[in-house]
Amino acid sequence: MANSNRYQALISKIFFDRYQPGATAFEFEREAMEHVAQELQIKLPKNLGDVIYSVRFRTSLPEDVLATQPPGMEWIIEGAGRATYRFKLVRINRIVPRADMARVSIPDSTPEIIRAYALDDEQALLAIVRYNRLIDTFLGLTTYSLQNHLRTTVKGIGQIEIDELYVGIDKRGCHYVIPVQAKGGKDQIGIVQTTQDIRFVEQKFPGLRCRAIAAQFMENQGIALFELGVEGDEVKVVEERHYRLVPASDLDREAIRSYRD
């Protein structure tokens, strides 16, 4: 049985052991995964968080869990404190690149050796965004990568991981904290990671403005950048731009003039 199928069986068992018709939220502890895995004879990864990450971003929830969703609503799994998670019903909210947006051509500054040895889509995307200063271009700020794959804890949520954390400054000297989530392949942008990124900045950098960013690989080597906000149980797109990296010789000079205008 593939990991995704094992994880779905595990999550389904945990869900229905606690679910009551009409419930909109309920919690479970991380150790429940160990107990249920023994019962179902499922081998768990050393990092139990990978089970939650998989069903959050890489696959859908089990079909029997999806069948309990009211119209227009979906279950998410969010952190609820140290070693604790929460199933919660929220409005269906998918952030995907718009099909009708033009792509801005950017001279490709990615070192070839980085492209040759990037280990996965997320790592490659973070490197491409960093080397091409796409966060600066997108936000109109001067930004600096402070740390990537930052593992920390957030009060009321528990342990989180931020794909990359930037700090930035504008022309007036105002400082910003910019958490970036990178999504490649079949991973999806959603409310869970966006919310925890914003809550981290609010708690760790009070008084500084948070500008939460998501980067997504697109077809034909495109990159979509989103600035995101959270309103209630929904992720809102503040701004969206699409980019394509090209050799300098392939830049469209007429297009460059139209960007200026």
Side-chain angles (χ1 to χ4, degrees), residues 1-70 73-93 120 122-123 147-165 179 181-183 185-204 230 233 235:
M1 184 185 295
N3 280 345
S4 60
N5 293 335
R6 289 199 296 268
Y7 296 169
Q8 288 198 332
L10 181 75
I11 292 299
S12 177
K13 173 67 173 170
I14 291 173
F15 181 90
F16 285 103
D17 281 350
R18 293 157 179 78
Y19 172 71
Q20 296 292 329
T24 59
F26 52 91
E27 297 179 1
F28 67 95
E29 296 182 349
R30 182 176 296 186
E31 65 182 14
M33 289 190 282
E34 297 176 337
H35 299 324
V36 172
Q38 290 178 356
E39 183 179 345
L40 300 180
Q41 297 184 337
I42 292 173
K43 183 178 180 180
L44 290 175
K46 291 183 179 179
N47 179 12
L48 295 181
D50 188 61
V51 177
I52 303 300
Y53 186 91
S54 177
V55 297
R56 275 176 174 171
F57 304 118
R58 295 185 183 131
T59 66
S60 64
L61 287 167
E63 291 293 332
D64 52 359
V65 173
L66 297 179
T68 69
Q69 296 177 165
M73 305 289 285
E74 65 178 342
W75 288 106
I76 63 170
I77 303 175
E78 63 180 8
R82 186 174 181 84
T84 305
Y85 300 97
R86 179 185 298 113
F87 282 100
K88 184 178 179 180
L89 270 179
V90 299
R91 293 183 183 88
I92 291 176
N93 189 210
D120 55 39
E122 178 186 305
Q123 183 188 55
Q147 188 171 349
N148 53 32
H149 298 293
L150 169 62
R151 292 192 176 187
T152 184
T153 57
V154 174
K155 185 178 180 180
I157 294 178
Q159 187 178 64
I160 71 167
E161 180 174 320
I162 297 176
D163 294 341
E164 188 151 9
L165 189 69
Q181 57 174 299
K183 300 300 178 189
K186 297 180 179 180
D187 288 4
Q188 297 178 340
I189 299 166
I191 188 171
V192 174
Q193 189 166 355
T194 303
T195 300
Q196 66 189 28
D197 287 356
I198 292 173
R199 297 292 176 263
F200 164 79
V201 174
E202 290 174 347
Q203 291 183 23
K204 302 297 185 182
V230 175
D233 289 334
V235 174

Summary of salt bridge (charged side-chain N to carboxylate O under 4.0 Å, His left out) pairs that have at least one residue in residues 21-32, sequence neighbours excluded: Glu27-Arg86
Is there a side-chain contact between Ile76 and Ile191 (heavy atoms, below 4.5 Å)? yes
Does a sphere of radius 6.0 Å around CZ in Arg91 hold more than 12 heavy atoms from other residues, nucleotides or ligands, not counting ones at 6.0 Å or beyond? no
Just wondering, do Phe16 and Val65 contact through their side chains at under 4.5 Å, heavy atoms? yes
State, yes or no, whether a side-chain contact exists between Ile198 and Pro179 at a heavy-atom distance under 4.5 Å. no
List the residues meeting side chain to side chain donor-acceptor pair (under 3.5 Å) with Asp163, not counting sequence neighbours, and say none if there are none. Gln193
Please name all residues satisfying side chain to side chain donor-acceptor pair (under 3.5 Å) with Thr195, sequence neighbours left out, ordered by chain then number. none
Residue pair Thr24, Lys88: steps toward the side chain to side chain contact (heavy atoms under 4.5 Å, CB included) verdict: CA-CA 6 Å; Thr24 59; Lys88 184 178 179 180; over 6 Å; no
Contacts of Glu202 meeting salt bridge (Lys or Arg N to Asp or Glu O under 4.0 Å) (sequence neighbours excluded), chain-then-number -> Arg199
Below 4.5 Å, heavy atoms only, C-beta onward: do Val90 and Met73 meet side chain to side chain? no
Going by the rule ring-ring contact (aromatic ring centres under 6.0 Å, His included), which residues pair with Phe28 if we only count those two or more places apart in sequence or in a different chain? Tyr85, Phe87
Could you pull out all residues at least two apart from Lys204 that satisfy side-chain contact (heavy atoms from CB on, under 4.5 Å)? Thr152, Phe200
Once salt bridge (Lys or Arg N to Asp or Glu O under 4.0 Å) is applied, do any residues pair with Asp64, and if so which ones, sequence neighbours excluded? none
How long is the straight-line distance from CG of Asn5 back to CD1 of Ile42, given to the nearest 0.5 Å? 10.0 Å
State which residues pass side-chain contact (heavy atoms from CB on, under 4.5 Å) with Ser60; sequence neighbours excluded, sorted by chain then number. Gln8, Leu66
Ignoring hydrogens and angles, tell me if any N or O in the side chain of Ser12 forms a donor-acceptor pair with the backbone of Leu10 under 3.5 Å. no
Answer yes or no: is there a side-chain heavy-atom contact under 4.5 Å between Ile160 and Thr153? no
For Glu74, check salt bridge (Lys or Arg N to Asp or Glu O under 4.0 Å) against everything at least two apart and list the hits. Arg94
How many angstroms lie between CG in Leu89 and CZ in Phe26, if you round to the nearest 0.5 Å? 8.5 Å
Report the distance from atom NZ of Lys155 to atom CZ of Arg82, rounding to the nearest 0.5 Å. 15.0 Å
Excluding sequence neighbours, so at least two apart, what forms salt bridge (Lys or Arg N to Asp or Glu O under 4.0 Å) with Glu63? none
Tell me the closest heavy-atom pair linking Val192 and Glu78, and the distance in Å. CG1-CA, 4.4 Å
Counterpart residues, ring-ring contact (aromatic ring centres under 6.0 Å, His included), relative to Tyr19 (two or more places apart): Phe15
Roughly how far apart are Leu165 CG and Asn148 CG, rounded to 0.5 Å? 10.0 Å
Side-chain heavy-atom pair Val51, Met33 within 4.5 angstrom cut-off: yes
With sequence neighbours excluded, residues passing side chain to side chain donor-acceptor pair (under 3.5 Å) with His149: Glu161
Any side-chain heavy atom of Glu39 within less than 4.5 Å of one from Lys13? yes
Side-chain ion pair, Glu122 and Lys183, N-O less than 4.0 Å: no
